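Single-structure report; data block below.
On a predicted model such as this, the values are computed, not experimentally measured, just so you know. Below, each value reflects all heavy atoms present in this structure, side chains not excepted, and no hydrogens, waters or symmetry copies.
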Amino acid sequence: MHAIGVDIGGTKIAVGVVDEEGKILAQVRRETDADDVAHIDRAIAEACNELVKEHEVSAIGLAAAGFVSPDRTSVNFAPNIAWREYPLAAKVAELVDADLPIVVENDANAAGWAEFRFGAGRDATDMLMLTVGTGLGGAVISERDLVRGKWGMAAEVGHMRVVPEGHYCGCGHEGCWEQYASGSALERDAQHAAVARVDQAARLLELAGGDPAGIEGKMVTEAAQAGDELAIELLATLGRWIGEGSASVAALLDPELIVIGGGVGAAGDLLLGPVRRGFEAQLSAMGHRPVAKIELAEHGNEAGIVGAADLARR
């Protein structure tokens, strides 16, 4: 039976009908306001109602960027959306024109599950997924099961502290891994470099219309792919942070595969090379253990939809 998957972001939601093979049969999008949770509820319900009219579905899965309750009905806390102990499933159920079970899942868990079931991890038993976007999300698959932890908050790897008294994080602490290994970190470092190293940043500044504050991650990737030395260096720094942090996670979990998702994946080997080198440089017992493969995700921006739908159906 088909299911609906909803990937909820701070500025938009993507909603799709997904079949049992992980294929999206239909998809719609809605704009949202991160500070207006009631508007997000209505946008989700309107999109689901539109799809339910045309497709027979058995469940709805909501992929939410935040700390999800153990019963997968509420978002206890979200750094970038105004959810605090918020009963998301119940709120959406009140507005949906169908009596369907609604399951809330952490968005990185949903993306990781999609890659495990239908993507880069389809042949793996133990996998770490890293979603490198505005922040850094994680999902852990152990012995083919999604690890949620006792209170549903496992795999929040982006909030491991890696730099004491480091950059402030939206979670309320300082020095979290996502402050150094994320698209936001890449943009911050690129903008700073454009001010401190103007001569080397000519291409990045050209792409940003001359304004350092206008430099975006995709511009760094574009410049790096064209051979710009500063952009290549910035991606290498990001990759090193991702790789070294992954080695710390591997010391705990020992995955056979690490999958890198998110927009930075567009950089390809310009990112993967530094990730792999950083990982091997910091991996404990290197030379005396198998080394996890590190690959790019296959599902791109649709992973949240596919994973949320499949988890809801299951």
Side-chain angles (χ1 to χ4, degrees), residues 7-14 27 29-32 34 63 65 79-81 107-108 111 114-115 119-120 129-138 158 167 169-170 177-243 245 258-276 278 294-305:
D7 189 5
I8 308 168
T11 59
K12 63 181 180 299
I13 61 170
Q27 186 174 162
R29 292 178 179 270
R30 294 287 190 277
E31 300 299 317
T32 59
N80 301 310
I81 296 179
D107 62 339
E115 289 297 329
M129 171 80 175
L130 297 176
T131 55
V132 187
T134 302
L136 176 65
H167 292 296
C169 182
W177 188 18
E178 75 170 35
Q179 293 303 310
Y180 303 87
S182 64
S184 297
L186 177 64
E187 291 184 0
R188 180 196 66 224
D189 290 350
Q191 291 167 6
H192 289 178
V195 172
R197 302 161 63 181
V198 177
D199 292 342
Q200 294 172 282
R203 179 55 181 155
L204 290 175
L205 286 168
E206 179 184 354
L207 290 170
D211 181 8
I215 296 175
E216 300 177 356
K218 62 184 179 182
M219 297 175 187
V220 178
T221 296
E222 179 182 340
Q225 290 172 332
D228 184 81
E229 292 185 2
L230 176 58
I232 292 171
E233 177 187 326
L234 289 164
L235 281 174
T237 298
L238 174 65
R240 176 178 61 81
W241 273 110
I242 294 171
I258 299 171
V259 178
I260 310 296
V264 297
D269 287 339
L270 288 169
L271 179 74
L272 275 185
V275 171
R276 289 167 176 157
I294 302 177
E295 305 291 348
L296 292 176
E298 296 181 6
H299 277 281
N301 293 331
E302 297 179 340
I305 295 174

Self-check item: Q225 side chain vs L270 backbone, donor-acceptor pair below 3.5 Å
Solution: no
Quiz item: Going from CD1 on I294 to CD1 on I242, what distance comes out if it is rounded to the nearest 0.5 angstrom?
Solution: 9.5 Å
Quiz item: Any idea which heavy atoms bring Y180 and H167 closest together, and the distance?
Solution: OH-N, 2.9 Å
Quiz item: Just how far is it from atom CD1 of I8 to atom CD1 of I305, taken to the nearest 0.5 Å?
Solution: 11.0 Å
Quiz item: Any sub-3.5 Å donor-acceptor pair from R203's side-chain atoms to G227's backbone N or O?
Solution: no
Practice problem: Would you mind reporting whether D107 and T131 have side-chain heavy atoms less than 4.5 Å apart? | Solution: no
Quiz prompt | Gap separating the CG atom of D228 from the CE atom of M219, nearest 0.5 angstrom | solution = 13.5 Å
Quiz item: Is the number of heavy atoms from other residues, nucleotides or ligands under 6.0 Å of N301 CG greater than 12?
Solution: no
Quiz item: What are the two closest non-hydrogen atoms of A224 and A231, and how far apart are they?
Solution: N-CB, 3.4 Å
Quiz item: How many angstroms lie between CD in E31 and OG1 in T11, if you round to the nearest 0.5 Å?
Solution: 6.5 Å
Self-check item: Pairwise side-chain contact, I215 with L207, heavy-atom cut-off 4.5 Å (strictly under)
Solution: no
Self-check item: Gap between atom CD of Q200 and atom CG of L205 - 0.5 Å precision
Solution: 11.5 Å
Practice problem: Measure the spacing between CG of L234 and CD of Q191 and express it to the nearest 0.5 Å. | Solution: 11.0 Å
Quiz item: Is S184 reaching over with its side chain to a backbone N or O of G135, donor-acceptor style, under 3.5 angstrom?
Solution: no
Quiz item: Taking all non-hydrogen atoms of both residues, which atom of W241 and which atom of A181 are closest, and how far apart?
Solution: CB-CB, 4.1 Å
Self-check item: Any donor-acceptor N/O pair, E187 side chain to E216 backbone, under 3.5 Å
Solution: no
Quiz item: What is the minimum heavy-atom distance between V132 and G183, and which atoms define it?
Solution: CG1-N, 4.0 Å
Quiz item: What pair of heavy atoms forms the shortest contact from E115 to A297, and how long is it?
Solution: OE2-CB, 3.4 Å
Practice problem: Show the numbers, then the answer: is there a salt bridge (Lys or Arg N to Asp or Glu O under 4.0 Å) between E295 and R276? | Solution: CA-CA 9 Å; E295 305 291 348; R276 289 167 176 157; 3.5 Å; yes
Exercise. Apply side-chain contact (heavy atoms from CB on, under 4.5 Å) to L271 and L238, showing your working.
Key: CA-CA 8 Å; L271 179 74; L238 174 65; 4.0 Å; yes
Quiz item: Of all heavy-atom pairs between A185 and E178, which one has the smallest distance, and what is that distance?
Solution: CB-O, 4.4 Å
